[in-house]
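These notes are about the structure you will find just below.
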Amino acid sequence: MRDGKLSNSIAFINCSQVVTLAGPARPRMGREMRELAIIEDGAMLVLDDRITKVGSRGEIESHIAPDCEVVDAGGRILLPGFVDAHTHPVFAGTRADEFEERVGGATYQEIAARGGGIQATVNRTRAATIDELIVGAKRYAQWFLRGGTTTIEAKSGYGLSLEDELKILRAIKRLDKGTSLRYVSTFLGAHDVPPEYLARRGDYISLIIDEMLPRIAEEKLAEYCDVFCEDKVFTNDEARRILSAARRHGMGLRIHADQLSFSGGAKLAAELGTVTADHLEHTDKAGIAALKSAGVQPVVLPGSVYALSSKRYPAAREMIDAGLALVLATDFNPGSSPTPSMLMVLSLASTQMKLTPAESISASTINAAYSLGRGAQVGSIETGKVADFVIHDCDDYRQLAYFFGVEHAWKVYAAGELAFDRTA
Ligand code: NIG
Ligand code: FE
């Protein structure tokens, strides 16, 4: 626990590579994403919850005090913890039944149109207590940690009423305090129009703008606001109204854009100056150019493309080549992307979107951290940063994406404390 007793001084030695991601205090753009600032045969000192020194083994060993605990990494690699910048981790039940139907030929949109999909999870989540939601989400928190993820962005969006959205956001706050995982919360009341508002959707938009946003802002329950901007979900105009209202409450903006169809969502993100535009499977060249000129970070989610058996991956290669500061995330959710695994995402990024292993590492650590306003705290191994890092059981960072279906994380530290130990 971050609030509990902190360890004092620990030295980590004998790392075949310390993949530091050290560099300028901003996200890596375009070609810069290949620069990982690796220290071969590296070592690191941690004091309490902070990184205090990083260097070659020789440099660090002369600074190890006699009472300092020493962890021998045994020639393994040390990386920052993954930062997963797009997840939906608080929900009740699963949708394994729909998964089976989709395998049989039904599409995600068909299932949603008959009241399944997001709505099915909303029904179960509304029926659950906050304690039940937390018990479920703690299980997923363990999955994130054992996969080497130490920070996640966490969206609401399976409540779709004032009380149920508050319940989810309060659960996220308690999970942040009560687990080793760090949560950054996002309000996604505009995830779907609930059935009781289908005949009067304008009233639901008003509920979001006039009641949910002010209350959430007052209780400081969300740093960001997101909208699922998509054909048959929320239109560009509705997304513009909701996100503009969220901005007036001081929230940062994110948007689900161009996921299942082209709606000009990337252009809307650029117009509004959102922090991120997420998904982007159908975004065209003009949309990519618009993101670039507005400085919006694209967040691509290949796990959802894979799990929906689609072939249409976002044009992530073109986005990097256009100079964008790309982010990779899992989109962990019970429908379109039931995986918490950043390693799975790294594999998909290389095999399906032609990202180099180095680009994928930048996209899932430092760039993701900046996209959440946490670039000064996490996402790299640098003096002064929070000691969120992972020793992976391989000797070259490229093996993380190359050996797939393997849980490489060997020891995971959050704020200087051991949060997962594969040897235990
Ligand atoms: O990011 N696109 C909308 N929301 C999620 C899916 C949520 C669900 O199916 O439960 C997504 O893919
Ligand atoms: Fe999503």
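Counting convention: from 1, in listed order, for ligands and their atoms alike.
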Inset, instruction - Assess D278: does it contribute an N, O or S atom lying under 2.8 Å from the Fe ion (ligand 2)? - result: no
Legend entry - Y108 neighbourhood, listing ligand 1 atoms whose heavy-atom distance to it stays under 4.0 Å: 6 (C), 7 (C), 8 (C), 9 (O)
Legend entry - H282 ring center within less than 6.0 Å of F262 ring center: no
Inset, instruction - Could you grab the angle centred on the Fe ion (ligand 2), going from NE2 in H86 to NE2 in H256, to 10°? - result: 90°
Legend entry - Whether F12 and F389 hold their rings parallel, tilted or perpendicular, with breakpoints at 30° and 60°: perpendicular
Legend entry - Positive for side chain to side chain donor-acceptor pair (under 3.5 Å) with H88, one of D331, N333, T330: D331
Legend entry - Side chain, backbone, both or neither: the part of F91 lying under 4.0 Å from ligand 1 by heavy atom: neither
Inset, instruction - Looking at H88, pick out the N, O or S atom nearest to the Fe ion (ligand 2) and give its name. - result: NE2
Legend entry - atom 4 (N) of ligand 1 [closest protein heavy-atom partner, distance rounded to 0.1 Å]: H191 NE2, 2.8 Å
Inset, instruction - May I ask you to check whether Y140 and F91 place their ring centers less than 6.0 Å from one another? - result: yes
Legend entry - Check: R170 side chain, L221 main-chain N or O, donor-acceptor pair, under 3.5 Å: no
Inset, instruction - Any chance you could measure I152, atom CD1, to M342, atom CE, to the nearest 0.5 Å? - result: 11.5 Å
Legend entry - Atom indices of ligand 1 within 4.0 angstrom of S336 heavy atoms, with elements: 5 (C), 6 (C), 9 (O), 11 (C), 12 (O)
Legend entry - Identity and distance of the protein heavy atom lying nearest atom 11 (C) of ligand 1: D331 OD2, 3.2 Å
Inset, instruction - Provide the number and element of each atom of ligand 1 under 4.0 Å from a heavy atom of I118. - result: 7 (C), 8 (C), 9 (O), 10 (O)
Inset, instruction - Spell out, as yes or no, whether a donor-acceptor pair under 3.5 Å connects the side chain of Q352 to the backbone of Y313. - result: no
Legend entry - Atom indices of ligand 1, in the order listed, that fall short of 4.0 Å to a heavy atom of Y158: 7 (C), 8 (C), 10 (O)
Inset, instruction - Using non-hydrogen atoms of the residue, decide whether E230 is closer than 4.0 angstrom to ligand 1. - result: no
Inset, instruction - Over 60° means perpendicular and under 30° means parallel, so classify the ring planes of H408 and F403, tilted if in between. - result: tilted
Legend entry - Polar atom proximity, T121 to ligand 1 (N or O, under 3.5 Å): no
Legend entry - Identity and distance of the protein heavy atom lying nearest atom 2 (N) of ligand 1: Q259 OE1, 2.7 Å
Legend entry - Atom indices of ligand 1, in the order listed, that fall short of 4.0 Å to a heavy atom of N333: 5 (C), 6 (C), 7 (C), 8 (C), 9 (O), 10 (O), 11 (C), 12 (O)
Inset, instruction - Tell me which part of S304 gets within contact of ligand 1: side chain, backbone, both or neither, using heavy atoms under 4.0 Å. - result: neither
Inset, instruction - For H86, take its heavy atoms, then give the atoms of ligand 1 lying under 4.0 Å from any of them. - result: 1 (O)
